[in-house]
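Just so we're clear, the structure is a prediction, and the values are computed from it rather than from any experiment. Heads up: numbering here begins at 1 and tracks the sequence. What's counted below: heavy atoms across the whole structure, side chains too, no hydrogens, waters or symmetry copies.
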Amino acid sequence: MGTRPLEGIRVADFGWIYAVPHATAWLGALGADVIRIETSGAPDLVRFLTGTDGSIGANRSGIFHAINSSRRSIALNLAMPEAQEIARKIIRQSDFVTENFTVGNMAKYNLAYDDLVKIKPDIIMLSGTPLGQDGPLAGSVGFGPTTQAFAGLCHITGYPDSFPCGIGGTWPDFAVGAGMVFFMLAALHYRDRTGEGQYIDLSMAEMITTMMPEAMMDFLMNGREQAAIGNRDESMAPHGVFPAAGDDKWIAIAIAADDEFSKLCEALGAPSMGSDPKFARLFSRLANVEELEREIAARTRVHPRDELVAKLRARGLAAGPVYSTPELMEDPVFSRSSMLVKLKHSEVGERVVPGLPVNFGAIDLEYRGAPMFGEHTDEVLTELLGYSAAEIARLKEAKVLI
């Protein structure tokens with residue numbers, strides 16, 4: 001196996017829920033030694049979500065397994081000063097510190113950036129919070145749905161005659177987690193050139209707002225407020241999801257040009273619709289979009305979904321099946337993807353989890369199963385910090401280690 005790019009890099013990871021664990025799983029797959037520092041005082045809620053094989057437990061959550069690969073776990077009672085000191089000893093030998101607690105929690109444990117830079121001047125610390133570290137709402141508790149709402153995304157999501165909608169409760173966490181990887185690597189590159197670490201204050205809401213540039217720029221440049229338009233698009237028609245034959249079968253179609261629309265009409269057995277003045281040109285299709293969608297839906301619903309997808313793709317048109325999760329897992333291309341990896345876990349056995357959605361030509365990724373709570377406490381204290389077995393036993397007796 002070739003050398004992975006982050007070998008020799010260590011992460012003291014206090015992250016929980018989704019965003020930070022997602023980011024540090026990617027760092028771990030790229031070779032970093034990620035040490036997940038957990039505490040019984042604030043256990044990761046995800047450890048106790050849907051259990052594997054219907055059994056709930058701190059080590060059985062399928063969601064936890066999926067986003068917490070490639071790391072070690074050490075369990076400390078961070079309410080105790082001696083546990084805080086152990087955490088600081090790990091940080092002294094680390095390159096990154098990551099956390100996404102509510103603002104102020106790290107300071108409560110004497111582990112805020114101002115504390116840590118005194119013992120490790122070149123440390124890179126990332127804090128990911130719903131609304132950043134400053135401002136009147138910075139201390140707010142937030143999750144995916146509230147982050148989407150504050151970012152402005154819900155206002156432009158949904159149908160014109162309905163209420164604001166989100167696009168999945170946890171979607172912001174995973175989008176932000178991917179961004180966190182980039183930001184941390186940028187800071188690492190800066191440190192390599194200058195010798196200086198830094199504090200990364202990431203507002204999840206601000207990052208999500210940057211992912212809706214059309215609405216932002218339309219308002220900033222033109223003073224116009226965009227609203228929800230469902231599956232439609234302001235520069236394509238038809239653009240949406242249409243019914244196919246069968247129970248709850250759907251096909252997504254996006255037509256960008258007039259010649260593409262003609263090809264679509266021919267494939268649907270309605271060539272005359274391609275020359276109809278109401279639909280022949282994009283401007284007309286947009287002006288008559290409701291009628292256009294009814295006409296398209298009346299024709300797609302008689303075709304088996306996958307046959308119609310193949311038919312449209314053969315004509316160079318943008319079309320795809322709307323998959324359910326079981327259908328996606330059964331898709332032969334996706335099921336053979338290197339994104340899906342089988343990992344062993346000592347309590348629940350072998351499980352398939354998602355890895356990095358990329359193939360590197362010259363980097364071999366390595367994945368390890370999600371750790372059990374505190375699984376590597378003795379290992380980290382012995383090998384990294386030099387504690388003796390007697391010292392570890394004393395710390396366990398004193399409930400410093402849990």
Can you tell me how far the [atom1] atom of [X] sits from the [atom2] atom of [Y], to the nearest 0.5 Å?
{"X": "L292", "Y": "R232", "atom1": "CG", "atom2": "CZ", "value": "9.5 Å"}
{"X": "N231", "Y": "M236", "atom1": "CG", "atom2": "CE", "value": "13.0 Å"}
{"X": "I90", "Y": "L381", "atom1": "CD1", "atom2": "CG", "value": "6.5 Å"}
{"X": "M80", "Y": "I402", "atom1": "CE", "atom2": "CD1", "value": "10.0 Å"}
{"X": "R301", "Y": "F242", "atom1": "CZ", "atom2": "CZ", "value": "11.0 Å"}

How about [atom1] on [X], more than 12 heavy atoms from neighbouring residues, nucleotides or ligands closer than 6.0 Å, or not?
{"X": "R281", "atom1": "CZ", "result": "no"}
{"X": "Y199", "atom1": "OH", "result": "yes"}
{"X": "E350", "atom1": "CD", "result": "yes"}
{"X": "M339", "atom1": "CE", "result": "yes"}
{"X": "E234", "atom1": "CD", "result": "no"}
{"X": "F150", "atom1": "CZ", "result": "no"}
{"X": "F48", "atom1": "CZ", "result": "yes"}

Partner set under ring-ring contact (aromatic ring centres under 6.0 Å, His included) for Y323, not counting sequence neighbours: none
Given 3.5 Å as the limit, does a donor-acceptor pair link the side chain of [X] with the main chain of [Y], or not?
{"X": "S94", "Y": "V11", "value": "no"}
{"X": "R71", "Y": "D33", "value": "no"}
{"X": "Q148", "Y": "I167", "value": "yes"}
{"X": "S335", "Y": "E330", "value": "no"}
{"X": "T382", "Y": "D378", "value": "yes"}

Stepwise salt bridge (Lys or Arg N to Asp or Glu O under 4.0 Å) test for D122 and K120: CA-CA 6 Å; D122 65 346; K120 176 74 172 173; 3.5 Å; yes
Under a 4.0 Å threshold between the charged nitrogen and the carboxylate oxygen, would R191 count as salt-bridged to D95? yes
Whether the [X] and [Y] side chains hold a donor-acceptor pair (N or O, under 3.5 Å, no angle test) is what I'd like checked.
{"X": "S73", "Y": "E375", "answer": "no"}
{"X": "D248", "Y": "W250", "answer": "yes"}
{"X": "H155", "Y": "E225", "answer": "yes"}
{"X": "K118", "Y": "Y113", "answer": "no"}

Report yes or no: is the cationic atom of R285 (NZ for Lys, CZ for Arg) under 6.0 Å from the centre of the six-membered ring of F261, at an angle within 45° of the ring normal? yes
Can a cation-pi geometry be assigned to R47 and F64, taking NZ or CZ under 6.0 Å from the six-membered ring centre and within 45° of the ring axis? yes
Going through the distances and angles, do V241 and I253 end up as a side-chain contact (heavy atoms from CB on, under 4.5 Å)? CA-CA 6 Å; V241 173; I253 300 173; over 6 Å; no
Can you list the steps and then say if M273 with K278 is a side-chain contact (heavy atoms from CB on, under 4.5 Å)? CA-CA 9 Å; M273 190 165 63; K278 292 185 293 185; over 6 Å; no
Dump the intermediate steps for side chain to side chain donor-acceptor pair (under 3.5 Å) on Q198 and Y190, then the final yes or no. CA-CA 9 Å; Q198 61 187 292; Y190 178 84; 6.0 Å; no
For T98 and V20: C-alpha separation, side-chain torsions, deciding distance, then whether side-chain contact (heavy atoms from CB on, under 4.5 Å) applies. CA-CA 7 Å; T98 55; V20 168; 3.6 Å; yes
Passes side-chain contact (heavy atoms from CB on, under 4.5 Å), I63 versus Y18? Steps please. CA-CA 9 Å; I63 300 174; Y18 296 124; 3.5 Å; yes
Let me see the working for E379 and R72 under salt bridge (Lys or Arg N to Asp or Glu O under 4.0 Å), right down to the final yes or no. CA-CA 9 Å; E379 175 182 299; R72 299 190 281 177; 2.7 Å; yes
I would like to know whether F101 and F14 meet ring pair (Phe, Tyr, Trp, His ring centres under 6.0 Å); could you show each step before the answer? CA-CA 8 Å; F101 293 126; F14 294 86; 7.0 Å; no
